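Worksheet for the structure shown next.
None of the values given here were measured: they were computed from a predicted structure. The chains referred to below are lettered A, B, ... by the order of the sequence lines, with proteins before strands, and numbering in each begins at 1.
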Amino acid sequence: MSPLFPIPARRRTAALAGAAGLVLLVSGCSGGGAPAGSGEYTEPEADLSAEITYGVWDQNQVPAIEENIAAFNEEYPDIDVTVNVTPYAEYWTKLQTQASSDTLPDLFWMNGPNIGLYASNGQLEPITGAVESGDIDLDNYPDALVDLYNVDDVQYGVPKDFDTIGIWANKALFEQAGVPLPEGDWTWDEFQQTAADISTALADQGIYGGAGGMDGQTTYYNTIFQAGGSVIDGDTSGYDTPGAEAGIQFWTDLIESGGSPSIQQLTDTTGDQWFTSGKLAMYWGGSWFRSAITDTDLAANVTVLPLPTGEQQATVIHGVANVVPAVSENKRAAQALQVFLASQKSQQQQGDAGAVIPAFDGTQDAFTQSLPDANLQVFLDALEYAQPLPVSNNSAAWNAAETELLPQAFSGERPVTDVTAELAEQMNAALAEE
Amino acid sequence: MTSSSLRPGSPAPSLPGRAARARPGNPAHGPGGARSSGGGRIAGDGIWPWLFIAPLVTGISVFYFWPVLQTAFYSLTDWGVFGGWTFAGVDNYVALFADPSLYLSIGNTLLYTAIVLLGIPIAVYLASLLNLPGLRFASLYRVLFFLPYVAMPTAVAMVWRVIYNGDFGLLNHALALVGIDGPYWISTPGAATVAVAIVGLWSSLGFSLIVLAAGLKNIPPEMYEAAELDGASRWRQFRSITVPLLTPSIFFVTIVTVISSFQVFDLLYAILGSSNPVLPKSMSLVYFFYREGFVTNDKGYAAAIAMVIFLIIGIVTAVQFRLQKRWVQSD
């Protein structure tokens, strides 16, 4: 059977090599971290000529970005900007590969969980120069977010937008359940009771009052902050403190009372899917969720409630920043765009386009008007008590531990204090390795 | 590796069982002899043979062998996220072999592979059905069975994710009609691995089927005619003619299926979802590699995992080639 030999042999070699070839992606790098940028900055002259790339992950924001670039080119006609969109799922993997080979985009989006990793490894150019020259004024942006992009007392960017967390409520389901819509500030107990009441009243239709989930930013980080706890405190985990335990217990209670679907149900069908299918009355979600409901039948029935208050009022805030790599041939042109995108003019354009809430003070009105009856003002008011998304230099390492352990607490499989103690231990081990 | 014993140039034995026993005692006809005469020929032709294979060899060296060597090296280092390394000796391996995740992911990978392998007998049976003389729309069926193989794994995964949904999925809905309360397939440990493996089986069926169908075409029709005259039933013909004469093709699809099953990643990742609480309990070897290398950024450790995967696949494949002498018929 002579044709047999060449085929399996080739397949086998290819597959053997393929197993190891998977790491090909990361194997092309040369040794040694790049030197940190100096933060040097001189205001670019108007006739600066360059071709630069701008790396982003959200296709929805590209129209607003194109407007920004058109306005930018009125000031700098000779700087040619190409926008590269990489879907979020691959964005960070790709960026790491690019960073390893010093081919990062000239300007690119950065987020909280990753800023520490890139900044502490000397991959980014600080904005110190632009701040000192007055081209960027840090006072124009939410404090919590300016802090997010400050690593070891060096500022690497300013937020271009922000998001906070609120409760998206389906008014029709409240009415159907005969439960009054809460007004103004409310407490944890009131939220738990409302959720359980709706679930009970509409149980025959499989409708739930509230929903937990595995996304800390929209759920348990908020309640941990509200309980006065912390997720990360300096370089140690905050999970073994009473505040964090109470913040986790909140969701265990909600599931136990039937106020929320189980963790299994929420794995198969996520909270936002329950909500958009009209099977969930209250969804803890970010301001970004607006774009998911604007054009749906739900839009008319939706209103936003502030998060309930525990020991204190709190919400998680996060926002994306534009950063310049430490190694870039077109650094000055990239800095010119970075400064322009942080300006009031550019931020107003972003706000008017309505895809995100711009970060610059006073440019946010267009966002609240995009769903005028939904009380989106809640997300802006939340700035007063917002706390930044908890991050460290390698957040992903302990985020993985959260995903692995916390479901055991939420489902009631193990006592909350056991789980949080183990999580704190694993998280501290991960932090020690950073 | 015993692959050289399969060389086309080696003498074709009439009875495979005897040949396997006879070969070691008969070195003159063994692989050693064939290799020396072949080597002489290439040397005599000067540079030309090398030139002709140069493009392929260069590509494979640069994109396969060099990364393999690099990975082997980096598995002995503490490798920074953005490049840069410090030598760590066998630390990664020591930590890896003490890591329960390794054994868990090996177990899951074996379970997955075993289930996907069940597809091969199914494919043999289906292929022989498709090969029945006079079957109408045979090509249509072949295309239908092959489609899942060429569909994007992510697209396949998205569809199955909906089918498996515990509350609203098609599968549990169908099970409810016959009075069975289906589990949360993709969020129950254990069930999740099986659920993913069933999709793996389903999507690899088309490939096996095509290879086996081609193998069937090589079986001389006279054999069936003779069997029919002797009064053999369809089932008897299937067992005594089709299956034995198809063993080379079956061997081939087994090798390929095992290798691809050991590398399962995309289906698992896309069906279960990255924030699935059961993922740490259901992960495969390659997912484990991905998690350490690309999620938690421990790249030296991930390189060590890649080397372990490499070795496991190499050993399993070598064992298969050794065992094939016992059951694969060659003519």
If one checks every heavy atom of Tyr118(A) against chain B at 4.5 Å, the contacting part turns out to be both
The interface call for Leu405(A) against chain B, heavy-atom contacts under 4.5 Å, is neither
Residues passing the side-chain contact (heavy atoms from CB on, under 4.5 Å) test with Ala397(A), sequence neighbours excluded, are Asn394(A), Ala430(A), Thr296(B)
The interface call for Tyr164(B) against chain A, heavy-atom contacts under 4.5 Å, is backbone
Residues at least two apart in sequence or cross-chain that pass salt bridge (charged side-chain N to carboxylate O under 4.0 Å, His left out) with Glu402(A), listed by chain then number, are none
- request: Answer yes or no: does atom CD of Gln205(A) have more than 12 heavy-atom neighbours from other residues, nucleotides or ligands under 6.0 Å?
  value: yes
**Q.** Exceeds 12 heavy-atom contacts within 6.0 angstrom, atom CD of Gln408(A)
**A.** yes
From the list Phe168(B), Phe265(B), Trp185(B), the residue making the most non-hydrogen contacts under 4.5 Å with chain A is Phe168(B)
